[in-house]
Amino acid sequence: MTDENPPPLFTPAPRAPWREVLRHRWSAPSDSALVLRDVDGQFHLLWAGAQRHDGGSASATPPGTVEAAAGPPRVRHPYEAAFRVNVAHHANARALRVPHQYGPPEPVSLRVSWWVHDPVQVVRTHTTHGWSVVRRDLDRRLRDLERTWAANEQSLGADELAHHLATARTLDHYGLAYAVTDTSSREVDDELLLSGQDTGSFPFTWNVTRREEYDFCVQAVRSGPVALAALWLLRQPDQVSAVLDWSVGHRDLISEEVGWEEEMVGLLGHLSSEERHELSKLLRDRLLTLGRGVPGDQGVTW
């Protein structure tokens, strides 16, 4: 299950170290480990009787640590501190969006299983909450995958993510390990965007701000080259010379809209002399009907 408010990965033991050793050997739960620090600063590790989560044996000791010795601990090792470490599996989800061939980026959720790989390193680095560490490393890997696939002009989908991230990854510095176990569809926000450089005609995400930007761009395109040239100059004022060159070279595209008067003059210019004479008669009769004065008796000519 997902840990919404997880307890810390390790806590200082409340009893004397030698009592904690006895307690741990007699009745420790299978998902715990005991880390002891002696007066010289050396760390010692006691696993519970169960198998380790990373596949090693319960008696295996991470490099740089010493297995706590059996027998009276106060005689063998003068321990000065003890720490209980939770080595159980934890489950969390990472929300993100990936490119979709036929629409906006698809919201998906990565199911992540993570656990303590090296209890001593967890104590040594004071890693009290592991999910933030795991998520940071996972995000970095996702970005790297996105760049790699984009360089090859390929689209990174949920199936590809599940394939590349399924192998367990060890974070030696923090004493943690994790693996992506599943992907699923999602309908909530707060995601990491993996949308590539080209997501078709759809904006990256359909929140209010992005919708307004999208509508503005649509309106600019519909308004024509003049609006786009103005937007270009607004966003890139240092490219004014380029905008000017483009405007001069495309006067036919950015000329002002022709009014009805200009359209009428152009239409009349294509009429024959007989058509213009007939039209002048019709116009003269119409003006007389409206009570307007008409110059001459031969009608208006062009």
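Rounding to the nearest 0.5 angstrom, the gap separating the OG atom in S109 from the CG atom in L96 is 8.0 Å. The line from CZ of R147 to CG of D144 is 4.5 Å long, rounded to the nearest 0.5 Å. Atoms OH and CG, from Y178 and L165 in turn, are 7.0 Å apart once rounded to the nearest 0.5 Å. One finds the NE2 atom of H89 at 10.5 Å from the OG1 atom of T181 (value rounded to the nearest 0.5 Å). A distance of 9.5 Å separates CD in E146 from CG in L161, rounded to the nearest 0.5 Å. In this structure, CZ in R94 is found 14.0 Å from CZ in R111, a value given to the nearest 0.5 Å.
Not a single side chain to side chain donor-acceptor pair (under 3.5 Å) links T183 to another residue, sequence neighbours left out. Not counting sequence neighbours, the partners of R140 by the side chain to side chain donor-acceptor pair (under 3.5 Å) test are D137. For E278, the side chain to side chain donor-acceptor pair (under 3.5 Å) criterion is met by no residue, not counting sequence neighbours. Residues forming a side-chain contact (heavy atoms from CB on, under 4.5 Å) with T167 (at least two apart in sequence, or on another chain): none. Residues that satisfy the side chain to side chain donor-acceptor pair (under 3.5 Å) test with T127, not counting sequence neighbours, are T125. With sequence neighbours excluded, no residue forms a salt bridge (charged side-chain N to carboxylate O under 4.0 Å, His left out) with R141.
Across all their heavy atoms, W115 and A168 have their closest contact at CH2-CB, 4.1 Å. Closest of all the heavy-atom pairs between G130 and L9 is N-CD1, 3.7 Å. When all heavy atoms are compared, the tightest approach of W47 to A33 is CE3-CB, 4.1 Å. Closest heavy-atom contact between G175 and V122: O-CG2, 3.8 Å. Heavy atoms only, all atoms of each residue included: D31 and N86 are closest at O-OD1, 3.4 Å.
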So D118 and R124, salt bridge (charged side-chain N to carboxylate O under 4.0 Å, His left out) or not? Walk me through it.
CA-CA 10 Å; D118 181 352; R124 183 179 286 132; 5.5 Å; no
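With L34 as the partner, the side-chain contact (heavy atoms from CB on, under 4.5 Å) test is satisfied by one option alone out of L46, V85, L45: L46. Partner of L36 under the side-chain contact (heavy atoms from CB on, under 4.5 Å) criterion, chosen from V123, V21, V120: V21.
Under the 4.5 Å side-chain criterion, counting only non-hydrogen atoms from C-beta, R169 is not in contact with V134. In this structure the side chain of W131 reaches within 4.5 angstrom of the side chain of W114, judged on heavy atoms.
Taking the six-membered ring where the residue is Trp, H126 and F10 present tilted rings, their angle falling between 30° and 60°.
Salt bridge annotation for R136-D139: absent, with no cationic side-chain nitrogen under 4.0 angstrom from a carboxylate oxygen.
With H90 contributing its side chain and A88 its backbone, the two residues share a donor-acceptor pair below 3.5 Å. Under a 3.5 Å cut-off, the side chain of Q121 and the backbone N or O of H173 do form a donor-acceptor pair. A distance-only check finds no donor-acceptor pair linking the side chain of E80 to the backbone of V39 [under 3.5 Å].
Remark: H129 NE2 is packed, more than 12 non-hydrogen atoms of other residues, nucleotides or ligands lying under 6.0 Å away.
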